[in-house]
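For clarity, every value in this text was computed on a predicted model and none was experimentally measured.
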2 protein chains.
Amino acid sequence: MPPRIPDAVDAILAQWRMEKPDLDLGPMGLIGRLGRCGALIRRRLDLTFERFGLSGWEFDMLATLYRSGPPYCLAPTTLFSTLMVTSGTMTHRLKGLEARGWVERHVNPDDARSSLVQLTSEGRQLIDAAIEAHVDNEKKIIAGLPAADQAALDQLLARLLAVLENGRESEKLD
Amino acid sequence: MPPRIPDAVDAILAQWRMEKPDLDLGPMGLIGRLGRCGALIRRRLDLTFERFGLSGWEFDMLATLYRSGPPYCLAPTTLFSTLMVTSGTMTHRLKGLEARGWVERHVNPDDARSSLVQLTSEGRQLIDAAIEAHVDNEKKIIAGLPAADQAALDQLLARLLAVLENGRESEKLD
DNA sequence: AGAATGTGTCTTGATATCAAGGTAAATCGG
DNA sequence: CCGATTTACCTTGATATCAAGACACATTCT
């Protein structure tokens, strides 16, 4: 374990150590770094989305529809639960994507309460190009981390995600 | 390396594998898991903040002032650059915290353009209690991950953060 | 069938955020 | 020491988000 270059989180932990020496800072370091990595990565991702005239949420929506495969069609409920937003947010998002001509709404023959949201061919072409640039960008963003570290990090994040997704929430939500 | 329980990101990657088999999905898996862990953790953190009548950004602001140590006083510019928000956002945040009686603004004798934002004793007492509950909560959130994994994950995130913070952005922003 | 309950979506109103631009104070270069 | 530039902050206007609740349709139970 080589000595690390101090990062912004190290500085924060050092301050807490001065002010409240009794705090257990291990979890704060991990969670702080995770959050900060996420924020910095999101900024870098947005730069590529902008090149396609897309915002982050627009990319997410189109990509979710695209990767569902032909006929590129999902119900609003599927979309908002997948994307972790509320139904009201989904209403606005769909209105925006429809106005831009990237999705269309069809009546759902099986359930008159809901509609089906389908990618148009314009939307499909756009996201098809954007996804390739996006993946290249992701690769560049983490390229400074050795391949072995990337694999190990992915493995550990998968374990953490399993804990967060499956984990006995009842005992932890307090 | 034990076989993992499939998580939400595995399902997403499997869909891409069907639709666009040529994509290199390694980076997408890592970045997807990182983002999703971050979102799930943030939700859990908010539950504890609510118990103190705080939102996430309110906690962040008070904690930043508190950990700076006596006299618990920082300039707005320091706050917004530390917290990665714009100056306009900071204006609104400070107005809110002032209205709640948790911070006060003083004139800066050294620079009449800026003010100094100081934690009140009410603000200090509140964040002093909240920080302890927060750290306990963070510990619980990741408790399902073995201690060795926690340490290894922190180490790898620190390396990634160093890449993201220091890393030769010029060659990657494209 | 009809009532009660559940589900899917949209509306409304309140927040939080940013980008862009404005203003005043500080600082720098001759 | 004075004009030009930079810095610090605030204002404005536009978006994105959520929580709560309204409403129509679906399902289930009698």
Side-chain angles (χ1 to χ4, degrees), chain A residues 35 38-40 42-47 49-50 53-65 73-100 102-118, chain B residues 35 38-40 42-47 49-50 53-65 73-100 102-118:
Chain A
L40 292 172
R42 205 164 316 114
R43 289 186 176 183
R44 299 273 289 271
L45 297 182
D46 284 343
L47 296 178
F49 299 150
E50 272 168 29
L54 289 167
S55 63
W57 67 260
E58 287 169 333
F59 177 89
D60 287 343
M61 292 276 294
L62 299 184
T64 301
L65 286 163
C73 210
L74 294 173
T77 298
T78 307
L79 283 166
F80 75 68
S81 52
T82 302
L83 293 169
M84 312 203 331
V85 296
T86 62
S87 64
T89 295
M90 190 50 56
T91 301
H92 296 312
R93 287 185 172 192
L94 290 172
K95 191 175 330 192
L97 295 183
E98 219 178 351
R100 297 261 240 152
W102 293 329
V103 306
E104 284 172 351
R105 314 187 70 146
H106 304 293
V107 295
N108 184 343
D110 297 334
D111 186 339
R113 291 168 305 176
S114 72
S115 57
L116 289 175
V117 178
Q118 183 172 36
Chain B
L40 292 171
R42 205 165 316 114
R43 289 186 175 184
R44 298 272 290 270
L45 298 183
D46 284 344
L47 296 178
F49 299 150
E50 273 168 29
L54 290 167
S55 63
W57 68 260
E58 287 169 333
F59 178 90
D60 287 343
M61 293 276 294
L62 299 184
T64 301
L65 286 163
C73 210
L74 294 173
T77 298
T78 308
L79 283 165
F80 76 69
S81 52
T82 302
L83 294 169
M84 311 205 332
V85 297
T86 63
S87 62
T89 295
M90 189 51 56
T91 300
H92 296 312
R93 286 186 173 192
L94 289 173
K95 191 176 329 191
L97 295 183
E98 219 178 350
R100 297 261 240 152
W102 294 327
V103 305
E104 284 172 352
R105 314 187 71 148
H106 304 294
V107 294
N108 184 343
D110 297 333
D111 186 340
R113 292 169 304 176
S114 72
S115 57
L116 288 175
V117 178
Q118 182 173 37

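- Spacing between atom CZ of B:R113 and atom P of D:dA8 amounts to 6 Å, rounded to whole angstrom units.
- Listed nucleotides C:dA25, C:dG8, D:dT17 differ in distance to A:S114; the shortest reach to its side chain belongs to C:dG8.
- When distances run from any side-chain atom of B:D111 to the nucleotides D:dA8, C:dG8, D:dT17, the shortest one goes to D:dA8.
- A:L97 has its CG atom 13 Å from the C1' atom of D:dA16, to the nearest Å.
- Residues A:L62 and A:W102 have side chains in contact (heavy-atom distance under 4.5 Å, counting atoms from C-beta outward).
- Looking at the side chain of B:K95, the nearest of the listed nucleotides D:dT11, C:dA24, C:dT17 is D:dT11.
- Picking from C:dA19, D:dC18, C:dT7 the nucleotide with the shortest atom distance to the side chain of B:T86 gives C:dA19.
- B:R42 has its CZ atom 13 Å from the P atom of D:dT17, to the nearest Å.
- Rounded to whole Å, the distance from CE on A:M84 to P on D:dA16 is 19 Å.
- Close to C:dG8, at under 4.0 Å from its OP1 or OP2, lies no side-chain N or O of A:R105.
- Within 4.0 Å (heavy atoms only), B:S115 reaches sugar-phosphate atoms of the nucleic acid but no base atom.
- Sorted by first then second residue, the salt bridge (charged side-chain N to carboxylate O under 4.0 Å, His left out) pairs that include residues 79-99 of chain A, not counting sequence neighbours, number zero.
- Rounding to whole angstrom units, CE of residue A:M90 and P of D:dT17 are separated by 9 Å.
- For the side chain to side chain contact (heavy atoms under 4.5 Å, CB included) test, residues two or more places apart in sequence or in another chain that qualify with A:S114 are A:N108, A:D111.
- Taking 4.5 Å as the limit, some side-chain heavy atom of B:W57 sits within range of a side-chain heavy atom of B:L97.
- One atom, CD of B:E58, and another, P of C:dA16, lie 7 Å apart when rounded to the nearest Å.
- Summary of the strand contacts: B:P109 and B:G88 both lie near DNA chain C, and taking for each the nucleotide with the nearest heavy atom, the more 5' one is attributed to B:G88.
- Both A:R93 and B:S87 lie close to DNA chain D; mapped to their nearest nucleotides by heavy-atom distance, the more 5′-ward contact belongs to B:S87.
- Heavy-atom distances to DNA chain D give each of A:S55 and A:D110 a nearest nucleotide, and the one nearer the 5′ end belongs to A:S55.
- Looking at A:T64, its side chain does come within 3.5 Å of a backbone N or O of A:D60 through a donor-acceptor pair.
- Across all strands, A:T91 comes closer than 4.0 Å to base atoms (heavy-atom distances).
- Distances shorter than 4.0 Å separate none of the side-chain N or O atoms of A:R43 from OP1 or OP2 on C:dC18.
- Judged by atom type and distance alone, A:T89 does not reach the base of D:dC18 through any side-chain donor-acceptor pair under 3.5 Å.
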